[in-house]
Amino acid sequence: MLTIRLDTSKKKVPLYRQIYEQIKTKILEHHYLPHQQLPSKRDLAKELSVSVNSVNNAYQQLLEEGYIYSKERSGFYIEQIDSFNQQVMSKPLHQDLLEKDEKPLNHWISFSHMATDTMQFPFDRWVHCEQRVIKHSREQMNNIKHPQGLYSVRESICRLISLTRGVKCFPEQIVLGAGTHFLMQMFIRLIPENSTVSMEDPGYNRIYTFLKNEQVNVQTFGLDDKGASISDIRRLNPNVVYITPSHQFPTGRLMPIARRVQLLNWAMESNFRYILEDDYDSEFKYESDTIPALQSLDTFEKVIYMGCFSKSLMPGLRVSYMILPQHLLYVFRKKYADFFQSCSVLTQLTLQEFIDSGEYQKHIKRMKQLYQERREMLMLALETRFGDKMKIEGANAGLHFRITFETERTTEHILKRAKEEKIELYSMNPFYLTNPESNQGPSFVLGFAKLPKEHIDEGVNRLYRAIYG
Ligand SMILES: *Cc1c(COP(=O)(O)O)cnc(C)c1O
């Protein structure tokens, strides 16, 4: 009566599973009447030449999911299940939601400013740290309930940035999060509603559009040769100024001490003014020592420091953090008491081990040297190839600089040609937040972190062809 066909060659699908699937499908397609009795387990087993156990398992599963019900000393019956109101057909995905799995661009040369050189990352050391964590800290793997991240991890980060960035804080003030956007989202809920945030223009477009989409009042101010224009900021009168003082994103300028003091003074004039310092790539400084963070000058709890391991280690780790002034920490603790930490515990603890064992500093030292060499080679190759037809700015820190070319070609044309030449190239236009057309140029952000030395000459040749060829 059930007309079940078993496929004994399909070793991968157990017999009970096949019986279950076939009965289930027939019930959903209303091949049976509601409350119709099913054959006894013994009868069905005999009919199908399988063990009673297989039928029993199938019936148990159907029972569990509610497709059938049992009556004591009587047997099993089909449950009454309504038909779907609409025809059940799996909907195709809308064309504009379609995604393509992004394959690595083989044989391309990358001038990306968002990537690090994963070939150079000491994965063996990292795995070693991870193994130690797994050996000694298993019980921690359940521990997601501290909204700010594990305390011991924050202690290590605290020691590290005090040393490398001059940042002054207690581990209690550190909030870990899986990326700057995530932290920004939390931060904007800590400050008064209707706050206005002002940003550098050109600036970090991803944060700009994010804030806009979050319905935050965002404005932009221009840059002069010292960075953020104080007169613009005074005119806009925001609550929060979001800046990248160590290596302005994307122009690469360094904010001199005079301007830093002016900004702090501006912030101190009112209780509700803050400076958000995005210190994303400051581990890498060339031709001079690193400059201490703006936060290190702040004794008035005006600066919210944001740091990450995306440029110093790799973006895929997704470990970033912010440091809250104590009065905002109260707000955070109240508002986010029930939040789970967004960074993986295993990654947090591995990072801690990586820092505490000295591997982090070793890696930075090595990469600084390597990036320095690439940067110099790249600048030299550009100079040789382009001569005075190009201008480089903001090359003293970080993993990218700005380059402007003398050409009649439009940005679109150059980007199209770059694709044909198989180079990953990013225009400055999107970073002009309010008016992409105001990019005098055409100019581009040229990253050198993912650019091995042996690719530099070829990369510059391709770039030349993209612009003049
Ligand atoms: C890379 C980068 C960050 C860090 O972003 P995460 O999401 O924390 O990885 C922040 N600001 C700028 C300008 C950056 O380039």
Side-chain angles (χ1 to χ4, degrees), residues 110-118 121 148-149 153 157 161 165 167 174-188 197-211 213-214 218 220 223 227-228 240-255 275-285 293-295 303-324 341-344 347-348 351 364 367 371 394-395 397-402 424 426-433 444-450:
S110 174
F111 290 111
S112 168
H113 58 286
M114 295 176 285
T116 60
D117 193 341
T118 48
F121 188 79
Q148 292 178 235
V153 180
I157 293 177
I161 54 181
R165 307 294 306 122
V167 168
I174 299 182
V175 178
L176 298 187
T180 298
H181 285 83
F182 197 86
L183 295 165
M184 275 303 271
Q185 190 160 40
M186 294 201 276
F187 168 72
I188 55 177
V197 178
S198 289
M199 294 184 63
E200 299 158 320
D201 189 4
Y204 192 21
N205 57 334
R206 286 175 189 269
I207 288 292
Y208 180 71
T209 43
F210 169 75
L211 290 173
N213 290 335
E214 289 288 305
V218 215
T220 62
L223 306 172
V240 182
V241 168
Y242 175 97
I243 48 169
T244 45
S246 298
H247 188 225
Q248 202 276 331
F249 186 85
T251 64
R253 274 173 225 172
L254 177 100
M255 188 185 283
I275 299 169
L276 231 162
E277 176 180 22
D278 180 1
D279 201 35
Y280 61 103
D281 70 356
S282 51
E283 290 83 359
F284 304 108
K285 178 87 185 71
L294 177 65
Q295 198 264 8
V303 176
I304 294 94
Y305 178 90
M306 293 231 183
C308 65
F309 293 94
S310 302
K311 305 300 193 296
S312 59
L313 298 180
M314 42 191 177
L317 284 183
R318 302 321 288 140
V319 182
S320 305
Y321 53 94
M322 64 178 166
I323 298 170
L324 294 174
Q341 169 54 227
S342 61
C343 296
S344 129
T347 307
Q348 285 181 64
L351 176 64
I364 297 298
M367 293 315 283
Y371 289 149
L399 305 178
H400 70 264
F401 51 75
R402 174 189 190 160
E424 195 181 352
Y426 294 93
S427 159
M428 278 282 294
N429 289 15
F431 308 124
Y432 282 82
L433 305 178
F444 300 84
V445 223
L446 227 51
F448 47 84
K450 210 181 144 189

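What you are looking at is a predicted structure, and each value in this text was computed from that prediction instead of being measured. Just follow the structure's listing: the first ligand is 1, and inside any ligand the first atom is 1.
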Do side-chain atoms of [X] reach the backbone of [Y] as a donor and acceptor pair under 3.5 angstrom?
{"X": "Glu200", "Y": "Ile243", "value": "no"}
{"X": "Gln248", "Y": "Pro202", "value": "yes"}
{"X": "Tyr280", "Y": "His247", "value": "yes"}

Tell me: protein heavy atom nearest [atom], and distance?
{"atom": "atom 11 (N) of ligand 1", "answer": "Asp278 OD2, 2.6 Å"}
{"atom": "atom 5 (O) of ligand 1", "answer": "Thr180 OG1, 3.3 Å"}
{"atom": "atom 9 (O) of ligand 1", "answer": "Ser310 OG, 2.5 Å"}

**Request:** Would you please test Glu283 and Met367 for side chain to side chain contact (heavy atoms under 4.5 Å, CB included) and show each step?
**Result:** CA-CA 10 Å; Glu283 290 83 359; Met367 293 315 283; over 6 Å; no
Would you check whether [X] has a nitrogen or oxygen atom less than 3.5 angstrom from a nitrogen or oxygen atom of ligand 1?
{"X": "Tyr280", "answer": "no"}
{"X": "Arg318", "answer": "yes"}
{"X": "Ser320", "answer": "yes"}
{"X": "Lys311", "answer": "yes"}

**Prompt:** At what distance, to the nearest 0.5 angstrom, does OH of Tyr208 lie from CG of Asp201?
**Reply:** 7.5 Å
**Prompt:** Atom CZ in Phe284, atom OG in Ser246: separation rounded to 0.5 Å?
**Reply:** 13.5 Å
**Request:** Enumerate the atoms of ligand 1 whose separation from the nearest heavy atom of Gly179 is less than 4.0 angstrom.
**Result:** 7 (O), 8 (O)
**Message:** At less than 4.0 angstrom from any non-hydrogen atom of Cys308, what atoms of ligand 1 do you find?
**Reply:** 4 (C), 8 (O)
**Prompt:** Tyr371 and Phe448: side chain to side chain contact (heavy atoms under 4.5 Å, CB included), yes or no, with the steps?
**Reply:** CA-CA 7 Å; Tyr371 289 149; Phe448 47 84; 4.2 Å; yes
